[in-house]
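What follows is a set of notes on a single structure, which appears directly below.
Every chain is numbered from 1 and lettered A, B, ... according to where its sequence line falls, protein lines coming before strand lines. The analysis underlying the following values was restricted to heavy atoms, covering all of them including side chains, and did not include hydrogens, waters or symmetry mates.
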Protein chains: 2
Amino acid sequence: MKRKITLKHIARELGVSISTVSKALKNSEEIGAETKGRIQAYAKLHNYKPNNIAISLKNKRTKNIGVIIPDIVHHFFTTVFRGIENYANTKGYNVIVCLSDESFDKEVINMELLANGSIDGFIMALSAGTQQKGDYNHLKEVTDQGIPLVLFDRVADEINCDKVVINDREGAYQAVSKFIKDDRKKIALITTDEHYSVSRDRAAGYKQALLDHNLEYDEGLILKFPTMEIDEDAIEDFFNKTEVDAVLSVNEIFAIASMRFVQAKGLRIPEDISFIGFTDGILSKYATPGLTAVAQHGEKMGEIAAQMLIEKIELEVEEETYVTRMLEPTFVERGSTRNNK
Amino acid sequence: MKRKITLKHIARELGVSISTVSKALKNSEEIGAETKGRIQAYAKLHNYKPNNIAISLKNKRTKNIGVIIPDIVHHFFTTVFRGIENYANTKGYNVIVCLSDESFDKEVINMELLANGSIDGFIMALSAGTQQKGDYNHLKEVTDQGIPLVLFDRVADEINCDKVVINDREGAYQAVSKFIKDDRKKIALITTDEHYSVSRDRAAGYKQALLDHNLEYDEGLILKFPTMEIDEDAIEDFFNKTEVDAVLSVNEIFAIASMRFVQAKGLRIPEDISFIGFTDGILSKYATPGLTAVAQHGEKMGEIAAQMLIEKIELEVEEETYVTRMLEPTFVERGSTRNNK
DNA sequence: TTGTAGGCGTTATCAT
DNA sequence: ATGATAACGCCTACAA
């Protein structure tokens with residue numbers, strides 16, 4: 001087994017000083033051609049590679065970025081992550097991922113751990129626990145230390161930092177407008193509790209679209225779940241009791257489960273009832289019929305987040321100006337919607 | 001902005017030496033109660049936390065583990081990752097993820113980068129490119145340096161290291177046996193090219209089960225794709241030309257797409273044709289009917305991989321004994337299979 | 001052209 | 001009870 005070799009080994013072996021070796025390997029003009037040759041040859045032969053940790057300590061730069069997300073078994077987050085990882089890689093950064101598991105405590109612990117020198121900056125989406133609690137001190141502490149932070153998707157106005165979101169409100173607005181244009185009258189919304197910023201915005205878009213088109217905003221047409229967990233009974237109950245000809249869902253799963261149930265009831269999609277779901281994931285694509293979706297462009301979002309972060313990291317200057325980039329959602333039309341006129 | 005504070009700052013501020021501060025913060029008995037109190041109070045007040053990088057350099061231990069996987073937008077890998085991250089966290093390790101994107105080159109580059117001190121060990125699943133090429137020198141180099149390595153799911157016999165896999169062969173064998181017990185006669189296999197170790201093993205189990213039950217092994221009943229990419233046309237073509245009453249698929253997507261097509265053709269599932277798919281993911285669960293699946297226990301697999309790796313990392317002693325843990329797959333029965341007698 | 005010395009932040013050993 | 005020193009691996013300003 002050949003252990004990693006250091007400058008010191010090379011220096012000792014070749015009877016020169018460490019700094020000579022260091023310079024020679026950087027091809028410095030200061031070093032004589034012959035010495036340089038010997039050193040470089042030896043280094044190549046023994047596959048010398050500088051130790052990242054030592055360089056990090058010296059430069060006070062780790063070339064690592066910390067990503068903290070609520071869950072990884074989740075299509076949207078994985079696409080964002082892919083965007084981050086990909087961009088970061090092109091810039092020579094590695095990515096350390098921590099899962100908050102939707103828990104405030106885990107989010108805090110993970111952040112503090114990483115903030116002690118392991119990373120140069122954070123990219124994160126707030127956990128449900130954090131959004132519920134409304135306590136952002138761990139984020140403030142990190143930014144106070146001058147560590148750059150970019151929030152995506154699940155953000156909060158209270159935090160001063162760069163952000164990337166999609167225009168959830170507009171996505172919902174357009175979805176409902178499409179239903180209305182297709183002559184749907186009873187448009188339901190399936191959503192989660194308000195402390196998810198995304199649900200809040202989507203609900204706002206839903207309401208606004210109804211009002212703008214002179215339709216009644218009826219709380220009875222809203223099915224609200226406390227979390228992202230699915231509750232089949234509540235869905236059955238809702239669709240048994242409520243007459244509906246279109247459904248906007250804040251996520252895929254609620255939409256798919258609902259489609260399944262109404263189909264079992266004998267309703268036809270899209271003839272009798274039409275569906276649109278947020279987050280164009282794998283379920284939307286492979287459902288029968290395919291679920292028309294509001295695509296969130298996760299990969300693009302991750303790429304932008306990484307870009308914003310790395311710029312801040314490498315800019316050095318302590319700017320106190322933060323920007324929020326808002327991406328426009330896109331419609332992916334599939335079989336679950338069709339003009340009903 | 002309050003920058004991170006170091007031992008040196010505290011020492012200077014309190015007029016003591018750095019080593020006194022270091023000891024006091026470790027609650028060493030050597031330091032007088034009064035001094036210790038002052039130092040600890042000051043540290044608490046200024047929220048002193050030791051710098052991870054400096055500690056890594058000193059200890060030659062980063063407490064990071066490197067995970068290299070082909071793709072993250074993939075249900076199985078995310079469940080494995082969750083298992084890894086979770087276990088690693090309980091042991092005080094962080095996880096650096098790199099995506100090989102199924103490319104040999106990216107896999108090599110990422111590994112070499114991380115191997116230069118950033119991590120204490122690797123957990124990985126081989127990229128398609130690597131399996132195709134059959135070149136494992138980058139792995140040998142890493143293990144030669146004494147860096148522990150655990151391979152999961154996509155493994156290769158040529159590599160000497162710890163491994164975690166599921167018994168793919170047995171999973172396929174059982175699936176086919178179930179079909180036969182349900183009186184299915186024409187059992188198709190949808191698979192990928194042989195260089196995926198998992199496809200190879202699953203195909204072997206499929207064949208073995210047929211032979212053991214005195215059924216003919218007919219190449220005509222096998223639909224083989226070059227990659228994991230889906231090809232709708234090939235699927236349509238296959239099901240139009242081939243008479244089949246049961247289908248085993250090496251992944252969810254092929255199964256779901258096939259189910260969709262045969263249903264559109266007017267066949268009933270499971271009455272006319274029955275399906276079983278590998279990898280019990282989100283698609284299997286929400287398909288209509290639900291897809292009976294061979295569950296791979298990704299999370300467990302990740303946990304075991306992390307456990308094996310961390311043991312090796314912390315054991316120090318250079319053992320040359322490697323083990324392969326094989327997990328037994330489990331059946332998750334859903335609507336896509338039913339006794340047809 | 002080559003080498004020395006100091007520092008990045010921490011810890012451990014060995015003085016005082 | 002406290003402090004000086006060296007070391008982890010690398011880099012670089014400054015000497016020689």
Practice problem: Kindly state which residues belonging to residues 27-35 of chain A come within less than 4.0 angstrom of DNA chain C, counting heavy atoms of the residue only, listed by number. | Solution: A:E30, A:I31, A:G32, A:T35

With heavy-atom distances below 4.5 Å as the criterion, would you say the side chains of [X] and [Y] are in contact?
X: B:H9; Y: B:Y42; value: no
X: A:V165; Y: A:T324; value: yes
X: B:C98; Y: B:L114; value: yes

Self-check item: Interatomic distance where CG belongs to B:L25 and C1' belongs to C:dT11 [whole Å]
Solution: 12 Å

Quiz prompt | No-H, no-angle donor-acceptor pair, A:K23 side chain to C:dG3 base, under 3.5 Å | solution = yes

Quiz item: Does B:S19 make a side-chain donor-acceptor contact with the base of D:dA4, cut-off 3.5 Å?
Solution: yes

At under 4.0 Å, does any side-chain N or O of [X] touch on OP1 or OP2 of [N]?
X: B:K49; N: C:dG9; result: no
X: A:S22; N: D:dC11; result: yes
X: B:T20; N: D:dG3; result: yes

Quiz item: Given axes from five pairs at either end, by how many degrees does the helix from C:dT1-D:dA16 to C:dT16-D:dA1 bend, rounded to 10°?
Solution: 70°

Quiz item: Would you say the side-chain atoms of A:N89 and A:E85 include a donor-acceptor pair closer than 3.5 Å?
Solution: yes

